[in-house]
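Before any comments, here is the structure.
Numbering of residues begins at 1 and proceeds along the displayed sequence.
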Amino acid sequence: MRLPASPIVLILSAALLSSCTTPSAQSVGTPSSEASTAPTPTPTLTPTPTVDADDPSIWVISDSGIGPIALGAPLADALALMPEGTARDTDYCEWLAWWNEGADAYDLFVTGAALTDDMPVSLVGTSARNAPAASTGPRTAEGIGVGSSVDEVRAAYPDAVETAGSVDPSIVHLRAGRIFFTYRDDPVITSVTVTSAEEPPYELCG
């Protein structure tokens, strides 16, 4: 004979069933949007390089000029950008200014198109003062400058045109745009001139 369940057994069974129910979504817990958001890194700023006006050895020769000295700029502006110690002979060559590197390895020069400071720069160049191979002066973006070999110039500028000087044919120019790489018998560049003229002048002050 089967006995009916007592009230106490029924109460305990109901309690056990209620304890096995699925937990609510709130009890599981989800990460908040604040916790899941990663912090944005602060960008690192790269300082802008500056050109040292008193160190032309780092200036770049281009079709526009040498370093900050640009063809067509007023001569007075160009003179203000030349390194400290730039010289000028206002009695005989007032259109010309030049600067000598401290160890006399190379010099830098600039001329105007006329005798007044407001006329445009017509030429800017650099040349060796002693052995051209020892020069540490300005160079093109391709690494060509005073002391480079003629073969190096031709490799860097395969379209360069070779011409002899109109006054002295022993002076040879390799022309690439408005850049003239000049040498004589020894196939080593002794000067680099940037000018819009047909060729660099035979004499800068004459």
**Item:** Y157 and T140, any side-chain heavy atoms less than 4.5 Å apart
**Value:** yes
**Item:** Set of salt bridge (Lys or Arg N to Asp or Glu O under 4.0 Å) partners for D91, sequence neighbours left out
**Value:** none
**Request:** Determine the minimum heavy-atom distance between C205 and W95, stating which atoms define it.
**Result:** CA-CZ2, 4.2 Å
**Complete:** Residues T126 and P138: closest non-hydrogen pair is OG1-CD, 3.9 Å
**Item:** Interatomic distance, M82 atom CE to I66 atom CD1 [nearest 0.5 angstrom]
**Value:** 9.0 Å
**Message:** If hydrophobic clusters are built from ILVMFWY residues whose side chains come within less than 4.5 Å, do I58 and V194 share one?
**Reply:** yes
**Asked** Does a side-chain heavy-atom distance below 4.5 Å link L123 with T193?
**Response** yes
**Prompt:** Tell me, do N100 and R129 make a side-chain contact under 4.5 Å, heavy atoms counted?
**Reply:** yes
**Item:** Heavy-atom check, side chain of L204 versus side chain of F109, under 4.5 Å
**Value:** yes
**Request:** Could you tell me whether the side chains of S57 and D55 share a donor-acceptor contact shorter than 3.5 Å?
**Result:** yes
**Fill in**
Between the CG atom in L108 and the CD atom in E101, the distance rounded to the nearest 0.5 Å is 11.0 Å
**Asked** Please, which pairs that meet side-chain hydrogen bond (donor to acceptor under 3.5 Å, both in side chains) have at least one residue in residues 162-182, sequence neighbours excluded?
**Response** R154-E162, E162-Y183, S166-E199, D168-S170, D168-R184, S170-R184, H173-T182
**Complete:** In short, T86 meets A97 closest at the heavy-atom pair CG2-CB, 3.9 Å
**Prompt:** Hey, mind stepping through V150 and F181 against side-chain contact (heavy atoms from CB on, under 4.5 Å) and telling me if it holds?
**Reply:** CA-CA 8 Å; V150 169; F181 303 96; over 6 Å; no
**Asked** Going only through I, L, V, M, F, W and Y residues with side-chain contacts under 4.5 Å, is there a path from W99 to V121?
**Response** yes
**Item:** Min side-chain heavy-atom separation V188-S148 under 4.5 Å
**Value:** no
**Spacing of D77 atom CG and I69 atom CD1 [to the nearest 0.5 Å]** = 9.5 Å
**Request:** Give a yes or no on whether V124 and L79 share a hydrophobic cluster (residues Ile, Leu, Val, Met, Phe, Trp, Tyr; joining criterion: side-chain heavy atoms under 4.5 Å apart).
**Result:** yes
**Message:** Using the rule that Ile, Leu, Val, Met, Phe, Trp and Tyr join whenever any side-chain heavy atoms are under 4.5 Å apart, tell me whether F180 and I61 fall into a single cluster.
**Reply:** no
**Item:** Shortest non-hydrogen contact from A164 toward P169
**Value:** CB-O, 3.7 Å
**Asked** Which heavy-atom pair separates L81 from W59 by the least distance, and what is that distance?
**Response** O-CH2, 3.8 Å
**Prompt:** Do you know the tightest heavy-atom contact between G145 and R139?
**Reply:** N-NH1, 3.0 Å
**Asked** Do L174 and V161 come within less than 4.5 Å of each other through their side chains, counting heavy atoms only?
**Response** no
**Request:** Show your reasoning for whether side-chain contact (heavy atoms from CB on, under 4.5 Å) applies to D89 and E94.
**Result:** CA-CA 6 Å; D89 188 341; E94 58 186 4; over 6 Å; no
**Message:** With clusters defined by side-chain heavy atoms of hydrophobic residues (ILVMFWY) lying less than 4.5 Å apart, directly or transitively, does I171 cluster with V146?
**Reply:** no
**Request:** Compare all side-chain heavy atoms of D107 with those of W98 and state whether any distance is below 4.5 angstrom.
**Result:** no
